[in-house]
Trainee: 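Sharing a structure here in structure tokens format.
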Amino acid sequence: MARFIDDLKRTHHAGELRATDEGKVVVLFGWVANYRDHGGCVFIDLRDREGVTQLVFDPELTGHGELPRAAHENARALRSEWVIGARGIVKSRGANKNAKLPTGDIEVHVIELAVFNKSETPPFEVADDIDTGEEKRLQYRYLDLRRAPLQRTLRVRHRINQVTRRYFDEAGFLELETPIMVKYTPGGARNFLVPARMHPGKFYALAESPQLFKQLYMVAGFDKYFQVVKCFRDEALRLDRQPEFTQIDVEMSFVNQDDVFRAIEGLVFRIWKEVLGVDLKTLYPSGRFPQMPFEQSMRLYGNDKPDLRFALPHVDITDVIVEHGGGGIPFFKPIADKFKSGEYRRDLPAEIVKVLRLPAELASKLSRTETDKLEEFVKGMGAKGLARARIAEDGSWTQSPLAKSITPELRQAINARAEAKEGDLLLFQFGRESVVQTVMANLRLHVAKRLGVIPESGHGGQWNFLWVIDPPLFEYDDEKKTWVAAHHAFTRPHDDCVGLLERDPGKVLCWRYDLVLNGFELGGGSIRLHDPEVQAKVFRALGISDDEARAKFGFLLDALKMGAPPHGGIALGMDRLAMLLSGAESLRDVIPFPKTQKGTDLMTDAPSGVSAEQLVELHVRTVEAP
RNA sequence: GGGGUGGUAGUUAAGUUGGUUAUAACGCCGGCCUGUCACGCCGGAGGCCGCGGGUUCGAGUCCCGUCCACCCCGCCA
């Protein structure tokens, strides 16, 4: 080995040799990606992180004594994923060029070969396209990461990191760190807890976000802060959620919402330009992303992260139902009655009725059985069923369980509201507002993917950004029968809503915002409450006593009283950004060592048990769940 | 907490109304081959059918339980 690593240093990576390098003597290090033994000569595809180069072992190679003959003899034993070094001469492939490889014009005729390490037969092929299950890939993650697609996505992460740091540095932001082991504060995501050995019975929490600390940086006068930071949340996992994830975290003083938007738009434009080579100016010439009020997003798309690469808006027909007293449909009658009796508010309805209209050209692609499958889909979302109606030439409804009982007047009114024409398909949901919104939002996406309006996954070459703004400050908790903070309790309400804090909390809007890309929430933030008086009102509306507030957030409340500047910020999900930029289908593909859906690591087998002695030292006893 | 999908050679899958020795492709091992690049040709090995119980003359197949992975709802300020 001394001959190679000590004497012969690497001259090139396996992806960089070209026809112009012909005649050079080079030294390459890497892994055996493929071997083709033709008896008289052996071909090896040598792979490193930059690409693949074909090595040729020809015993007849002249001018180097017996070396090539020995190399050829040793090459016959090479197998997949062995780690080797090779010294050889770059030669043109002549008529045997390989157009599939960037290095396909040349090959390296090997003079000397060193085997640094053998490899057992890998459990799956280290190739671009494999159909191996994710379970196996995660178990042997280091092999999975050796594959070019994952090497590429991790490079995207690297680029995002570099661009982000350069951008914020140039813009006068300071990269400052915040503690990961913090005081547990209730509310929001569950925290991972860390027993404090030196304080029996007490625990640190892993930070679910740097939120409070970055606000303290503002109070301390640092003015503009950013950090690329790990956050931890002990919640159920999803395709786009991991317990340990990375945020691009930002906070700014003396700013309003628009100032934050401009800072982030600048960052996003830079990232797209420098990571993807995409100039977003062609899509957004003003350099600004469009904005949509939360209320509009919920009404038209059923959630606060609409995918606007396509239309298919929802149509809320609750008021139409109410005006027609249910219109003869048994399910609609009790809903209409509750609005008429005043039990339900028109402006904050507990139950709603919504329609998704599929225009004829899309509806015609849906067979009856496929429509039945849609019903299965929505039932999985918590829906009781999926009423539907196809519009006939005269405006009447066919293939519909509602057709028999509905009054012609209501049918006409719904057709008019939904602008339904012959051949269109109407899909209905009614009932609890939150369920209807969830079901309809998912249905809209599902149908769009099913009918090929957008691809099943990936961006499909489209980048649709949107700021969703002006959401309510509180949401009603059905179980606790009380108003709770929709996000965190330090979001600043609109000034003209402060009077509503006590009278009608549900109507209070706030300076909170989400950045949405292709239906994914890329990030969110808010302008913070820096005024202790309004802060006290918000706590009162939430039913939080002064003592309770002190116990939970005392340090922040103190800080706000000692010259806190107006401030606000945002956090972007760095993993999601990497996922969308690289076209990966899952967050797990852009996180080097991800957890499974149950939060385990299949490679290291974390989490694991610990010894009784360790538990004693930590003053921790485990108990069976009741 | 709830709903759904899946688990069979190293890998990915097939396996009929329960019925001889559980198939295939790729990979692996051995042999041949100097222009292959998904090399080719010849030969070979390889199985706790996730795990545990049950029904049956007989279970990969049917039933019950359980574990693991994935997707969704709840949850994620």
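Naming convention: chains lettered A, B, ... in sequence-line order (proteins, then strands); numbering from 1 in each chain. Here the structure is a predicted model, which means the values were calculated and not measured.
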Trainee: Applying side chain to side chain contact (heavy atoms under 4.5 Å, CB included) between A:Trp31 and each of A:Val83, A:Asn117, A:Ile84, report the one that passes.
Mentor: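 Running side chain to side chain contact (heavy atoms under 4.5 Å, CB included) over A:Val83, A:Asn117, A:Ile84 with A:Trp31 returns exactly one hit, A:Val83.
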Trainee: Evaluate the side-chain hydrogen bond (donor to acceptor under 3.5 Å, both in side chains) criterion for residues A:Gln211 and A:Gln215: first the C-alpha distance (whole Å), next the side-chain angles of each, then the deciding distance (0.1 Å), finally the verdict.
Mentor: CA-CA 7 Å; A:Gln211 182 61 41; A:Gln215 290 191 240; 2.9 Å; yes
Trainee: What distance, rounded to whole Å, do you find between the two P atoms, one in B:U12 and one in B:G27?
Mentor: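 Straight-line distance between the two P atoms is 15 Å.
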Trainee: Across all strands, who's sitting opposite B:U56 as a Watson-Crick or G-U wobble pair, both distances under 3.5 Å?
Mentor: none
Trainee: With a non-hydrogen cut-off below 4.0 angstrom, is A:Glu60 in contact with a base, only sugar-phosphate, or nothing?
Mentor: base
Trainee: Would you indicate what A:Gln54 reaches in the nucleic acid, counting non-hydrogen atoms under 4.0 angstrom: base, sugar-phosphate, or nothing?
Mentor: base
Trainee: Is it the case that A:Glu433 and A:Gln437 place a side-chain donor and acceptor less than 3.5 Å from each other?
Mentor: yes
Trainee: Phosphate oxygens OP1/OP2 of B:G30: is one of them under 4.0 Å from a side-chain N or O of A:Arg79?
Mentor: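 Yes, within the criterion.
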Trainee: Please give the distance between the C1' atoms of B:U21 and B:G46 as a whole number of Å.
Mentor: 16 Å
Trainee: For A:Asp131 and B:A25, give me the distance from atom CG to atom P, rounded to whole Å.
Mentor: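 From A:Asp131 CG to B:A25 P: 15 Å.
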Trainee: Report, as yes or no, whether the 6.0 Å neighbourhood of atom NZ on A:Lys595 holds more than 12 heavy atoms from other residues, nucleotides or ligands.
Mentor: yes
Trainee: As a quick check of understanding, evaluate side-chain hydrogen bond (donor to acceptor under 3.5 Å, both in side chains) for A:Asp307 and A:Tyr301, giving each step before the final call.
Mentor: CA-CA 8 Å; A:Asp307 190 337; A:Tyr301 308 106; over 6 Å; no
Trainee: Below 4.0 angstrom from OP1 or OP2 of B:C28, is there any side-chain N or O of A:Tyr35?
Mentor: yes
Trainee: Using a 4.0 Å heavy-atom cut-off, does A:Leu101 contact any base of the nucleic acid, only the sugar-phosphate backbone, or nothing at all?
Mentor: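 No contact at all - A:Leu101 keeps every heavy atom at 4.0 Å or more from the nucleic acid.
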Trainee: Under 5.5 Å between ring centres and under 30° between planes: true for A:Phe124 and the base of B:U11?
Mentor: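 Check failed, A:Phe124 does not stack on base of B:U11.
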Trainee: Do A:Asn98 side-chain and B:C37 base share a donor-acceptor contact under 3.5 Å?
Mentor: yes
Trainee: With C1' as the reference atom in both, quote the distance from B:A25 to B:C64 in angstrom, rounded to an integer.
Mentor: 36 Å
Trainee: Look at all strands and tell whether A:Gln211 reaches a base, only sugar-phosphate, or nothing, counting heavy atoms closer than 4.0 Å.
Mentor: base
Trainee: Could you identify the nucleotide paired to B:G6, looking across every strand shown and requiring Watson-Crick or G-U wobble geometry with both distances under 3.5 Å?
Mentor: B:C68
Trainee: Rounded off to whole Å, could you give me the CG-to-P distance for the A:Leu237 and B:A69 pair?
Mentor: 11 Å
Trainee: Would you mind reading off the distance between A:Ile106 atom CD1 and B:C37 atom P, rounded to a whole angstrom?
Mentor: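 These atoms are roughly 18 Å apart.
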Trainee: Mind checking if A:Ala189 touches a base, just sugar-phosphate, or nothing, with heavy atoms under 4.0 Å?
Mentor: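 Sugar-phosphate contact only - A:Ala189 comes under 4.0 Å of backbone atoms but never of a base.
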Trainee: Under 5.5 Å between ring centres and under 30° between planes: does that hold for A:His38 against the base of B:C39?
Mentor: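 Yes, A:His38 stacks on the base of B:C39.
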Trainee: Quick one: look up who B:U12 pairs with, Watson-Crick or G-U, both distances under 3.5 Å, and put none if it's unpaired.
Mentor: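 Because both required distances fall under 3.5 Å, B:U12 counts as paired with B:A24.
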Trainee: Can you check the A:Met440 CE to B:C72 P distance for me, whole Å?
Mentor: 20 Å
Trainee: Less than 4.5 Å apart, any side-chain heavy atom of A:Phe377 and any of A:Lys373?
Mentor: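 Sidechains of A:Lys373 and A:Phe377: no contact.
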Trainee: Please give, in whole Å, the distance from B:U34 P to A:Arg93 CZ?
Mentor: 19 Å
Trainee: Pick base, sugar-phosphate or nothing for A:Glu107, based on heavy-atom distances below 4.0 Å to the nucleic acid.
Mentor: base
Trainee: Pick base, sugar-phosphate or nothing for A:Arg238, based on heavy-atom distances below 4.0 Å to the nucleic acid.
Mentor: base
Trainee: For the P atoms, the ones on B:C62 and on B:G18, what distance do you get once it is rounded to whole angstrom?
Mentor: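 Straight-line distance between the two P atoms is 8 Å.
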Trainee: What does B:U17 pair with, Watson-Crick or G-U, if both distances are under 3.5 Å?
Mentor: none
Trainee: Distance between the P atoms of B:U23 and B:U16, in whole angstroms?
Mentor: 14 Å
Trainee: When all nucleic acid strands are considered with a 4.0 Å heavy-atom cut-off, which category describes A:Gly104: base, sugar-phosphate, or nothing?
Mentor: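 Counting heavy atoms under 4.0 Å across all strands, no contact is made by A:Gly104.
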Trainee: What nucleic acid atoms does A:Thr491 come within less than 4.0 Å of, heavy atoms only: base, sugar-phosphate, or nothing?
Mentor: nothing
Trainee: Say whether A:Gln227 and A:Thr178, considering side chains only, have a donor N or O and an acceptor N or O under 3.5 Å apart.
Mentor: yes
Trainee: Ignoring the backbone of A:Arg36, work out which of B:G35, B:U36, B:C76 is nearest its side chain.
Mentor: B:U36
Trainee: When you measure from the side-chain N and O atoms of A:Arg241 to the phosphate of B:C75, is any distance below 4.0 Å, counting only OP1 and OP2?
Mentor: no
Trainee: Taking atom P in both B:C28 and B:G10, compute the distance separating them and give it to the nearest angstrom.
Mentor: 14 Å
Trainee: Under 4.0 Å between any heavy atoms, over every strand shown, what does A:Lys136 touch: base, sugar-phosphate, or nothing? Just pick one.
Mentor: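 Sugar-phosphate only.
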Trainee: Could you tell me which nucleotide pairs with B:U36 by Watson-Crick or G-U wobble geometry, both distances under 3.5 Å, or answer none if nothing does?
Mentor: none
Trainee: How would you label the contact of A:Arg588 with the nucleic acid (heavy atoms, under 4.0 Å): base, sugar-phosphate, or nothing?
Mentor: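 Counting heavy atoms under 4.0 Å across all strands, the contact made by A:Arg588 is with sugar-phosphate only.
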